[in-house]
A.B. asks: 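The structure follows.
Remember, predicted model here, so these are calculated numbers, not experimental data. Side chains are part of it too, since the values below use all heavy atoms of this structure and drop only hydrogens, waters and symmetry mates.
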Amino acid sequence: MLSVLDFAPLLLQGLLVTILVTVLGALLTVVVAFTAGLSGLSKHWFLRWPSSIFVEFFRGSGLLVQMFWFFYALPFLGIQLAPLLAGVLALGLNEGAYAAEVVRGTIRSRAKGQTEAAIALGMSPSLRMRRILIPQSIPAMLPAFGNVMVDLLKNTSLVSLVTVADLTWRAFNARTVTGQTVTLFLTILVLYYIMSLLIGWLTRWLERRFALDRKSLAKAKPLKSLVGGISS
């Protein structure tokens, strides 16, 4: 009788696919989050409105429906996406919409005093954003971004529904042969739990790293001396 161990190589292949989908989805999520989040802060309506529509649309419609749309509906419009690409696009755009609100809300909440001081010293909006607001906001964003990444990892199990051979898809196939449903899905639960712990550990490490960098920067270059160096 076949056991779970007989399917360990296949489960390992599925695990690698799940990690690949998570990494690609995370990269797309970060790009989408900063693009939509910063556009949402713009004073120009042609940047702010599309950002708002994008965020509301992808938060307001279900991830599974979006994934089915990318994979099953787009071919009727002449666009055929590979299963992996359709899954990553749906995950990245959906999670990016949530993360965009994290970016927009965190930057908006930054202290007005330093922004006003930077304006008084003649810094342009783009320079203020690159040198003051974004560097100060990233440490505050990290805990929320960590939650988004854990959510993205858990949602990767949905890509099996568009025929991506990830960990869940491999487990379903192995279950039909071995009949060991409890053991197989307990294994999958543990693997997802370990990967979530690793994301949490990475997030806390980044928080500590950014906190140390900020302390070093504060000791080395106060804001006025930094701006003075840029202006000169």
A.B. asks: Check whether any side-chain heavy atom of L197 sits under 4.5 Å from a side-chain heavy atom of Y193, and report yes or no.
C.D. replies: yes
A.B. asks: Answer yes if I53 and F58 sit in the same cluster of Ile, Leu, Val, Met, Phe, Trp and Tyr residues linked by side chain heavy atoms under 4.5 Å apart, and no otherwise.
C.D. replies: no
A.B. asks: A side-chain contact here means heavy atoms from C-beta on lying under 4.5 Å apart; do L89 and Q66 qualify?
C.D. replies: no
A.B. asks: May I ask you to decide if L11's main-chain N or O and R170's side chain share a donor-acceptor pair within less than 3.5 Å?
C.D. replies: no
A.B. asks: Quick one: does S52's side chain have a donor or acceptor within less than 3.5 Å of a partner on R48's backbone?
C.D. replies: no
A.B. asks: Distance from R204 atom CZ to I199 atom CD1, nearest 0.5 Å?
C.D. replies: 11.5 Å
A.B. asks: So which atom in L152 and which in A26 form the shortest heavy-atom distance, rounded to 0.1 Å?
C.D. replies: CD1-N, 3.8 Å
A.B. asks: Any heavy-atom pair between the side chains of L81 and F71 that's under 4.5 Å?
C.D. replies: no
A.B. asks: Looking at L38, V103, T106, which one forms a side-chain contact (heavy atoms from CB on, under 4.5 Å) with I134?
C.D. replies: L38
A.B. asks: Membership question, hydrophobic clusters at under 4.5 Å side-chain separation (ILVMFWY): are V17 and L12 in the same one?
C.D. replies: no
A.B. asks: Mind checking what makes side chain to side chain contact (heavy atoms under 4.5 Å, CB included) contact with L24, not counting sequence neighbours?
C.D. replies: L20, V88
A.B. asks: Would you say CZ of F172 has more than 12 non-hydrogen atoms from neighbouring residues, nucleotides or ligands within 6.0 angstrom?
C.D. replies: no
A.B. asks: Is there a path from V159 to L27 through hydrophobic residues (I, L, V, M, F, W, Y) whose side chains come within less than 4.5 Å of each other?
C.D. replies: no
A.B. asks: Look at the side-chain heavy atoms of Ile, Leu, Val, Met, Phe, Trp and Tyr, link any pair under 4.5 Å apart, and say whether L167 and L84 land in one connected group.
C.D. replies: no
A.B. asks: Can you check whether V32's main-chain N or O pairs, donor with acceptor, with T35's side chain at less than 3.5 Å?
C.D. replies: no
A.B. asks: So, do F54 and L93 sit near enough that their side-chain heavy atoms are less than 4.5 Å apart?
C.D. replies: yes
A.B. asks: Less than 4.5 Å apart, side chain to side chain, heavy atoms only: is that true for L91 and L63?
C.D. replies: yes
A.B. asks: Which residues, ordered by chain and number, are linked to W45 in its hydrophobic cluster, where ILVMFWY side chains connect at heavy-atom gaps below 4.5 Å, directly or through other members?
C.D. replies: F46, L47, W49
A.B. asks: So which atom in S196 and which in V150 form the shortest heavy-atom distance, rounded to 0.1 Å?
C.D. replies: OG-CG1, 4.0 Å
A.B. asks: Looking at E101 and R104, is there a salt bridge between them, counting it only when a charged N and a carboxylate O are closer than 4.0 Å?
C.D. replies: yes
A.B. asks: First locate atom CZ of R175, then atom CG of L184, and finally report the distance between them rounded to the nearest 0.5 Å.
C.D. replies: 9.0 Å
A.B. asks: Between N173 and L10, is the side-chain contact (heavy atoms from CB on, under 4.5 Å) condition met? List the steps.
C.D. replies: CA-CA 10 Å; N173 285 353; L10 289 177; over 6 Å; no
A.B. asks: Rounded to the nearest 0.5 Å, what separation is found between the CD atom of E207 and the CD1 atom of I138?
C.D. replies: 12.5 Å
A.B. asks: Do M149 and V30 make a side-chain contact, defined as non-hydrogen atoms from C-beta onward lying under 4.5 Å apart?
C.D. replies: yes
A.B. asks: Supply the atom-to-atom distance L186 CG to T181 OG1, rounded to the nearest 0.5 angstrom.
C.D. replies: 12.0 Å
A.B. asks: Linking I/L/V/M/F/W/Y whenever any side-chain heavy atoms sit under 4.5 Å apart, do F145 and L198 land together?
C.D. replies: no
A.B. asks: About how many Å separate CE of M141 and CG of L206, when rounded to the nearest 0.5 Å?
C.D. replies: 13.5 Å
A.B. asks: Would you mind reporting whether V21 and D166 have side-chain heavy atoms less than 4.5 Å apart?
C.D. replies: no
A.B. asks: Taking atom CG of N147 and atom CG of L142, what is their separation to the nearest 0.5 Å?
C.D. replies: 11.0 Å
A.B. asks: Kindly determine whether M67 and N94 satisfy side-chain contact (heavy atoms from CB on, under 4.5 Å), including the steps that lead there.
C.D. replies: CA-CA 10 Å; M67 200 168 291; N94 184 277; over 6 Å; no
A.B. asks: Do I194 and V190 have side chains that get closer than 4.5 Å, going by heavy atoms?
C.D. replies: yes
A.B. asks: What is the minimum heavy-atom distance between S51 and G40, and which atoms define it?
C.D. replies: OG-N, 3.5 Å
A.B. asks: Please report the C-alpha distance between Y192 and T156 in whole Å, then the side-chain angles of each, then the deciding distance to 0.1 Å, and finally whether the side-chain contact (heavy atoms from CB on, under 4.5 Å) criterion is met.
C.D. replies: CA-CA 10 Å; Y192 271 103; T156 57; 3.7 Å; yes
A.B. asks: Shortest non-hydrogen contact from P139 to P143?
C.D. replies: O-CD, 3.6 Å
